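In this text the structure is predicted, and so the values were computed from the model without any measurement.
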Amino acid sequence: MRVRAGAIVGAALVLVRAATAGAQAVSPECTVTPAVAGSALDICRKAADLFAFVVPQLGVALSGGNPVLGEGGTLGGWGKRSVTLRVTAVDGRLPANDVPLTLRRSGAVRDDFGEARTPVPMASIDAAIGVLTGIPMGVTNIGGVDVLLGATALPSVSKGGLDLKPAGRGIALSYGARLGLLQESSFVPGISVSVLRRRTPSLDANYATANDSVQVRKGALTSDAWRVVASKRFIFVGLAVGAGQDKIAGNAQLSAIVNEPVLGTAQRVAIAFPTLRESVTRTTAFANASLGVSAARLVVEAGRSSAGTIRETLNTFGGRRANEAYTYGSAGVTIRF
């Protein structure tokens with residue numbers, strides 16, 4: 001079976017969780033039914049290496065930078081609200097070469113998937129709700145609290161041999177909180193610390209090529225992030241900078257159907273992959289610029305997610321390695337009311 005690597009990765013982008021530093025150096029053996037001459041270790045290893053290379057990029061797109069685009073301080077207490085529509089995209093690298101995926105008696109072999117520069121996007125709607133104003137301290141307040149809520153949506157997709165659909169609800173909720181260290185005023189910048197959990201919806205996918213297919217079931221991704229952000233507005237222009245850490249984890253169930261020639265006769269072979277369970281920790285830094293009045297602002301963001309522990313893969317991806325650093329950007333509109 002020859003499978004377009006980019007197509008499999010396309011499925012992986014919305015289905016599996018971030019792979020990474022803690023992954024095993026040698027992938028476990030797959031289960032093959034019926035038993036045939038040859039090992040599925042090569043298919044298992046290629047799938048694991050593809051996930052390790054691609055899904056950290058999805059984790060960065062899901063986490064983004066500032067939890068509330070353009071803002072560093074809290075909203076100022078009960079009755080204050082903001083809603084942000086945002087799109088985040090990673091300056092990603094996806095495999096570009098065709099590679100052979102087949103049962104091999106010799107076990108796993110090294111291949112080069114190559115790499116091509118490709119944006120990896122994620123869209124969400126985020127809301128901040130003021131809860132506590134905080135304690136007055138001169139021209140500012142300290143200890144203000146906002147509740148952070150949001151939703152990430154992923155649509156059904158059918159293109160070529162790839163079919164994607166949510167395994168249930170098409171959206172996943174995010175939630176967290178923001179603590180104000182300083183409330184922004186005419187003379188004081190806003191500074192806050194926040195924690196936020198984001199998730200992707202659970203999805204199913206099927207990629208078919210010729211008489212073969214690869215299926216992903218109940219793939220999901222979770223990001224637990226903390227951020228420290230400072231911001232200041234100057235009439236119609238606002239600036240914000242921040243840094244933090246992302247802990248990305250998830251799981252996916254993968255299987256394949258291969259029509260493998262056995263003694264000159266095509267035989268339908270089912271391959272069950274071990275459930276993927278991995279996690280990765282990455283640090284990030286970002287800057288925001290906003291333009292507009294206090295009620296409505298257009299915000300852009302640029303950020304950099306540092307490399308985690310590099311994942312050593314058997315297969316190669318041009319000049320890139322799994323779990324490297326990535327640059328990302330966001331754009332959105334924030335409305336306060």
- Query: Counting heavy atoms not belonging to Ile135, are there more than 12 under 6.0 Å from its CD1?
  - Reply: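 Open.
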
- Query: Around atom CZ of Phe337, are there more than 12 heavy atoms of other residues, nucleotides or ligands at under 6.0 Å?
  - Reply: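 For Phe337, atom CZ is crowded (more than 12 foreign heavy atoms under 6.0 Å).
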
Please tell me if the side chains of [X] and [Y] come closer than 4.5 Å, counting only heavy atoms from C-beta onward.
X: Ser82; Y: Leu75; value: yes
X: Thr74; Y: Lys80; value: no
X: Val280; Y: Arg282; value: yes
X: Lys218; Y: Asn251; value: no
X: Leu58; Y: Val60; value: no
X: Ile248; Y: Thr222; value: no
X: Glu184; Y: Ile191; value: no
X: Pro121; Y: Thr88; value: no

- Message: Quick one, Phe286 with Asn66, criterion side chain to side chain contact (heavy atoms under 4.5 Å, CB included). Give me CA distance, side-chain angles, the key distance, then yes/no.
- Response: CA-CA 7 Å; Phe286 51 88; Asn66 198 340; 3.6 Å; yes

- Hydrophobic cluster mates of Leu148, side-chain heavy atoms under 4.5 angstrom, ILVMFWY only, any path?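 Via sub-4.5 Å side-chain contacts, Leu148 links to Val68, Leu196.
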
- Query: Would you say the side-chain atoms of Thr152 and Ser124 include a donor-acceptor pair closer than 3.5 Å?
  - Reply: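 Ser124 and Thr152 do not have a side-chain donor-acceptor pair below 3.5 Å.
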
- Side-chain donor-acceptor contact under 3.5 Å, Tyr328 with Thr284: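 Result is yes, a qualifying pair exists.
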
- Query: Any salt bridge between Asp112 and Arg110, counting N to O under 4.0 Å?
  - Reply: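 Salt bridge: no.
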
- Query: Looking at Asp246 and Arg227, does any basic side-chain N land under 4.0 Å from a carboxylate oxygen?
  - Reply: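 The answer is yes: the pair qualifies as a salt bridge.
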
Residue list, salt bridge (Lys or Arg N to Asp or Glu O under 4.0 Å) with [X], at least two apart or on another chain:
X: Glu71; value: Arg178, Arg297, Arg336
X: Arg320; value: Glu324
X: Asp126; value: Arg86, Arg198

Nearest 0.5 Å, please: how far is [atom2] in [Y] from [atom1] in [X]?
X: Ser290; Y: Phe234; atom1: OG; atom2: CZ; result: 10.5 Å
X: Leu62; Y: Gln57; atom1: CG; atom2: CD; result: 14.0 Å
X: Ile125; Y: Thr84; atom1: CD1; atom2: OG1; result: 8.5 Å
X: Ser194; Y: Trp226; atom1: OG; atom2: CH2; result: 9.5 Å
X: Thr140; Y: Ile142; atom1: OG1; atom2: CD1; result: 8.5 Å
X: Ile335; Y: Leu85; atom1: CD1; atom2: CG; result: 7.0 Å

- Message: Starting from Val90, can I reach Val299 by hopping between I/L/V/M/F/W/Y residues whose side chains sit under 4.5 Å apart?
- Response: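 No.
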
- Item | Single-linkage hydrophobic cluster, 4.5 Å side-chain cutoff, Leu132 and Leu149 together |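 Leu132 and Leu149: one cluster.
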
- Message: Restricting to side chain to side chain donor-acceptor pair (under 3.5 Å), what partner residues turn up for Ser174, sequence neighbours left out?
- Response: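 Checked Ser174 against side chain to side chain donor-acceptor pair (under 3.5 Å); zero matches.
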
- Could you note down all residue pairs passing ring pair (Phe, Tyr, Trp, His ring centres under 6.0 Å) where residues 296-319 supplies at least one of them, sequence neighbours left out?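 Output for this query lists Phe53-Phe317, Phe113-Phe317.
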
- Task: Start with the C-alpha distance between Asn315 and Arg45, add both sets of side-chain angles, then the distance that settles side chain to side chain contact (heavy atoms under 4.5 Å, CB included), and finish with yes or no.
- Result: CA-CA 8 Å; Asn315 297 278; Arg45 187 58 191 264; 4.2 Å; yes

- Message: For a side chain to side chain contact (heavy atoms under 4.5 Å, CB included) check, start with the C-alpha distance between Arg233 and Leu239, then their side-chain angles and the critical distance, and finish with the verdict.
- Response: CA-CA 6 Å; Arg233 288 195 60 80; Leu239 300 174; over 6 Å; no

- Message: Which residue is it: Lys247, Gln245, Arg197, Arg199? I am looking for the one with a side chain to side chain donor-acceptor pair (under 3.5 Å) to Asp224.
- Response: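 Exactly one pass, corresponding to Arg197.
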
- Message: Show, in sequence, the C-alpha distance, side-chain angles and deciding distance for Leu181 and Val193, and conclude whether the side chain to side chain contact (heavy atoms under 4.5 Å, CB included) test is met.
- Response: CA-CA 7 Å; Leu181 303 183; Val193 176; 3.8 Å; yes

- Nearest atoms (heavy-atom pairs only) where Ser330 meets Leu69: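 Minimum heavy-atom contact is CB-CD2, 4.3 Å.
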
